[in-house]
Amino acid sequence: MPLWRDIDPAEIKPLLPHLLVSRYERNPFRVRYVLVGTWLAQFAGGDFTGRYLDELDFSGEDTDWLTHHIQFIAEKKPTFGICRFVTQSGLERDYESGMFPIAAEDGVTVERSLGIEDFPFGAEVTSDAATVAPSPRKAAEPAVHAAHETARLEPVFAGDAELRGCLTEAGLPIDDLAGRGKHYFRLVENGECLGYGGFEALGPHALLRSIVVKGARRGRGYGWTLVQRLIAELRMRRFDDAYLLTESAAPFFTALGFSPCPREEAPAAVAGTAQFSTLCPSSAKLMRLNLR
């Protein structure tokens, strides 16, 4: 893979309007658009340079871009595809997309994606972007469960006093917080901690645990955002599936894509955890989400 300094914009000047450069952040994983060509900005109905993937609405497209980026940095190979989207008038349109990995200084880790997009079927580009109707790539509209796009995860240690206090206040166990393969995060927005969540790595499986929103912030959609961010983190880390145990929140997790799983079908690694065997009552429902 080339390094970013190997790319000379002057050598590819005719292509610049069609380029899309993404930079990858880790812990937690996020995709940030650091360069959006003028043609793409017009096609998108606005310039989204500096925005994060999870802040934009790609629901009009048939591509799961988060999963695609995760696979892209894992495989470290160029990709090419025909992508389809639905216009606001309900018409289906295709565009071509290519992505090329750019390495970090270590020469091994994918730090950026150099992308190029083209609409091969006669989209007219005008000199005034304001004359182009808004496209599916717009900032996400607030919704009951999809608000708080700027909230993000920050790693936190198992011994963090605020984490333990928040779990205790919510009646959740803290005796088994520490241990190998256990990772915790705080959900932060505008410098404020809104809640906590974590998972236990069990080979190809992950067990979500210690998910709690601070009392004053409950009922405002932060729990939905917290779990979505954790799922994205698990996908980035290439887990096959995610499990969790719940007594009263099954409908909430069902809406997030989890399905009930008989306890007797739990993988041995999951069944052997303290959460499964002792801390959660036998009445707690086991739920599973396929991450592949």
Side-chain angles (χ1 to χ4, degrees), residues 1-26 29-105 107 109-141 149-150 232:
M1 295 181 289
L3 303 180
W4 182 240
R5 63 173 178 265
D6 297 326
I7 307 299
D8 183 359
E11 293 182 344
I12 53 175
K13 192 173 181 179
L15 302 179
L16 294 181
H18 292 263
L19 295 188
L20 179 67
V21 179
S22 308
R23 184 160 188 168
Y24 301 114
E25 298 180 4
R26 267 79 171 182
F29 179 75
R30 295 186 84 191
V31 182
R32 184 169 182 261
Y33 298 107
V34 296
L35 185 150
V36 178
T38 55
W39 186 92
L40 291 178
Q42 181 171 320
F43 175 59
D47 187 1
F48 51 97
T49 301
R51 302 290 297 277
Y52 287 91
L53 171 61
D54 53 45
E55 296 174 342
L56 299 171
D57 180 8
F58 287 85
S59 59
E61 301 198 27
D62 65 354
T63 303
D64 181 349
W65 283 111
L66 177 60
T67 298
H68 187 73
H69 279 284
I70 292 171
Q71 293 174 344
F72 174 76
I73 65 172
E75 296 173 358
K76 305 177 183 179
K77 297 179 180 179
T79 65
F80 171 78
I82 301 294
C83 305
R84 174 159 295 186
F85 69 97
V86 179
T87 68
Q88 289 187 330
S89 60
L91 299 176
E92 292 188 352
R93 292 289 184 266
D94 295 339
Y95 66 93
E96 295 176 290
S97 174
M99 291 171 55
F100 305 87
I102 306 297
E105 289 298 322
T109 306
V110 179
E111 181 184 64
R112 291 176 172 90
S113 160
L114 176 61
I116 184 167
E117 295 183 0
D118 193 20
F119 201 132
F121 304 113
E124 180 181 358
V125 179
T126 69
S127 59
D128 184 359
T131 65
V132 180
S135 83
R137 288 187 180 174
K138 60 183 183 301
E141 297 292 335
E149 292 87 355
T150 59

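Because the structure is a prediction, the values reported are computed rather than measured.
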What do the steps show when you test Trp65 against Val31 for side-chain contact (heavy atoms from CB on, under 4.5 Å), and what is the final call? CA-CA 10 Å; Trp65 283 111; Val31 182; over 6 Å; no
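- In this structure the side chain of Thr109 reaches within 4.5 angstrom of the side chain of Arg26, judged on heavy atoms.
- Atom CD1 in Ile116 sits 10.5 Å away from atom CG in Leu20 (nearest 0.5 Å).
- Applying the salt bridge (Lys or Arg N to Asp or Glu O under 4.0 Å) rule to pairs touching residues 4-16 yields Arg5-Glu105, sequence neighbours excluded.
- For residues 67-79, the set of pairs meeting the side chain to side chain donor-acceptor pair (under 3.5 Å) definition, not counting sequence neighbours, comprises Tyr24-His69, Asp64-Thr67, His68-Thr79.
- For the side chain to side chain contact (heavy atoms under 4.5 Å, CB included) criterion with Arg32, the lone passing option out of Glu25, Glu55, Arg112 is Glu25.
- Between Phe72 and Phe100, the closest heavy-atom pair is CZ-C, 3.5 Å.
- Residue Leu3 comes nearest to Ala104 through the heavy atom pair CD2-O, 3.0 Å, listed as atom of the first residue, atom of the second, then distance.
- Taking 4.5 Å as the limit, some side-chain heavy atom of Ile102 sits within range of a side-chain heavy atom of Pro2.
- Taking OG from Ser113 and CD1 from Ile73, the interatomic distance works out to 10.5 Å, rounded to the nearest 0.5 Å.
- Residues Asp54 and Leu66 have side chains not in contact (no heavy-atom distance under 4.5 Å, counting atoms from C-beta outward).
- Checked against side-chain hydrogen bond (donor to acceptor under 3.5 Å, both in side chains), Thr49 has the following partners two or more places apart in sequence or in another chain: Asp47.
- Considering all non-hydrogen atoms of both residues, Leu40 and His18 come closest at CD1-O, 3.4 Å.
- Atom CD of Glu96 and atom CZ of Phe80 lie 4.5 Å apart (nearest 0.5 Å).
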Residue pair Ile7, Ile12: steps toward the side-chain contact (heavy atoms from CB on, under 4.5 Å) verdict: CA-CA 9 Å; Ile7 307 299; Ile12 53 175; 4.3 Å; yes
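- Using a 4.5 Å heavy-atom threshold, the side chains of Pro101 and Pro78 count as touching.
- With contacts defined as side-chain heavy-atom distances shorter than 4.5 Å, the pair Leu114/Met99 does not qualify.
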